[in-house]
Amino acid sequence: GNTTIRKYSFTATDDCGNSIVAFGNVILEDRIAPVLTLPTATNNVACNGNIATAVTNWINSASATDQCGGTVIITSAITNEIRDCNGVNTRIRRNYLFTATDNCGNATTGTATFTINDNTAPTIAAPANLTVACGQDIGAAVVDWLDNYTVTEACQSVTVRNSYTGILPNLCGGSQTVIWTVTDGCG
């Protein structure tokens, strides 16, 4: 919307041909905020590593119109993010504040929520078997080996535990099985 000033001239003439001209302005001021339509695209997605595209498409589906015409700028910002557990699944809800502003600075706001569902348990790949020999710094080798796992989790931080007790097996051909366990925020 814009503020528009239109100048008009008025002429008054009497029966004798005498006339006078006066000027006046009609000022149209845009004091009406635009109408905001919150995002209409899918707002609930699985956590599969391609969340950014889904969020961008969702944000870009917001629209606005202005009664006085002109360009309307829409902005958005995350106001908060709530993570909670829905059973053993993680739900991440991002609340957004949308603002539509017209050329005259009139604005309207609205809030909408985008939800990410993490229904996939994290996975872990343990390191290859460790073989050590007498004379080797076995303690350092074991510590390095214990930290050489790989975790796959698309949405959240995880906790990794292992079953190593800290006791070395018999050095003459002994072995020990170590089990790694990865847990996300919802167990």
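Since the model is a prediction, treat every value here as computed from it, not as a measurement.
Pairing each heavy atom of Asn148 with each of Pro127, the nearest pair is O-CB, 3.5 Å. Annotation for Pro34 and Ala100: closest pair CG-O, 3.5 Å, computed over non-hydrogen atoms. Contact detail for Gly70 and Asn103: the closest heavy-atom pair is CA-ND2, 4.0 Å. Summarising the geometry of Leu130 relative to Ala141, their closest heavy-atom pair is CD2-O, 3.9 Å, with the distance given to 0.1 Å. Of all non-hydrogen atoms in Val72 and Ala64, the two that sit nearest each other are CG1-CB, 3.5 Å.
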Acceptor/donor pairs from residues 180-187 side chains to any protein atom, 3.5 angstrom cut, sequence neighbours excluded:
unit_1	atom_1	unit_2	atom_2	d
Trp180	NE1	Leu146	O	3.2
Asp184	OD1	Cys186	N	3.0
Asp184	OD1	Gly187	N	3.2
Asp184	OD2	Gln156	NE2	3.4

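A search for side chain to side chain contact (heavy atoms under 4.5 Å, CB included) contacts involving Thr75 returns Ile73, Thr99, not counting sequence neighbours. Listed by chain and number, the residues in a side chain to side chain donor-acceptor pair (under 3.5 Å) with Thr53 are Asn50 (sequence neighbours excluded). In terms of the side chain to side chain donor-acceptor pair (under 3.5 Å) criterion, residue partners of Asn106 (sequence neighbours excluded) are, by chain and number, Asp30, Asp102. Partners of Asn95 according to the side chain to side chain donor-acceptor pair (under 3.5 Å) rule, which considers only residues two or more places apart in sequence or in another chain, are Asn80, Thr113. For the side chain to side chain donor-acceptor pair (under 3.5 Å) test, residues two or more places apart in sequence or in another chain that qualify with Asn18 are Asp14. For Arg31, the salt bridge (Lys or Arg N to Asp or Glu O under 4.0 Å) criterion is met by Glu29, not counting sequence neighbours. Residues satisfying the side chain to side chain contact (heavy atoms under 4.5 Å, CB included) criterion with Thr11, sequence neighbours excluded, are Thr13, Ser19, Val21. Thr165 pairs by the side chain to side chain contact (heavy atoms under 4.5 Å, CB included) definition with Ile167, Gln176, not counting sequence neighbours.
Note on residues 106-131: pairs passing ring pair (Phe, Tyr, Trp, His ring centres under 6.0 Å), not counting sequence neighbours, are Trp58-Phe114. The list of salt bridge (charged side-chain N to carboxylate O under 4.0 Å, His left out) pairs with a residue in residues 68-91, not counting sequence neighbours, reads Glu81-Arg83, Glu81-Arg94, Asp84-Arg91, Asp84-Arg93.
A 6.0 Å sphere centred on CG of Asn129 holds no more than 12 heavy atoms belonging to other residues, nucleotides or ligands.
Although no hydrogens or angles enter the test, the distance criterion places a donor-acceptor pair under 3.5 Å between the side chain of Ser163 and the main chain of Ile179. Using a distance-only test at 3.5 Å, with no hydrogens or angles considered, no donor-acceptor pair links the side chain of Thr101 to the main chain of Ala107.
In this structure, CD1 on Ile92 lies 6.5 Å from CD1 on Ile51, to the nearest 0.5 angstrom. Note that CG of Leu36 is 7.5 Å distant from OG of Ser63, once rounded to the nearest 0.5 Å.
Linking ILVMFWY side-chain heavy atoms closer than 4.5 Å, directly or via other members, places Ile116 and Ile78 in a single hydrophobic cluster. Note on Leu97: it does not cluster hydrophobically with Ile74, by side-chain heavy-atom contacts below 4.5 Å among ILVMFWY residues. Linking Ile, Leu, Val, Met, Phe, Trp and Tyr whenever their side-chain heavy atoms come within less than 4.5 Å puts Ile138 and Val178 in one cluster. Linking Ile, Leu, Val, Met, Phe, Trp and Tyr residues whenever their side-chain heavy atoms come within less than 4.5 Å leaves Val35 and Leu38 in two separate clusters.
Considering Thr111, Thr109, Ile59 in turn, Ile59 is the only one that fulfils the side-chain contact (heavy atoms from CB on, under 4.5 Å) rule with Phe98.
Residues Asn44 and Asn117 have side chains in contact (heavy-atom distance under 4.5 Å, counting atoms from C-beta outward).
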Audit row: Tyr96, Val55, side-chain contact (heavy atoms from CB on, under 4.5 Å) steps and yes/no: CA-CA 11 Å; Tyr96 286 79; Val55 171; 3.4 Å; yes

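Residues Tyr8, Phe10 make up the rest of the hydrophobic cluster containing Val26, defined by ILVMFWY side-chain heavy atoms closer than 4.5 Å, directly or through other members.
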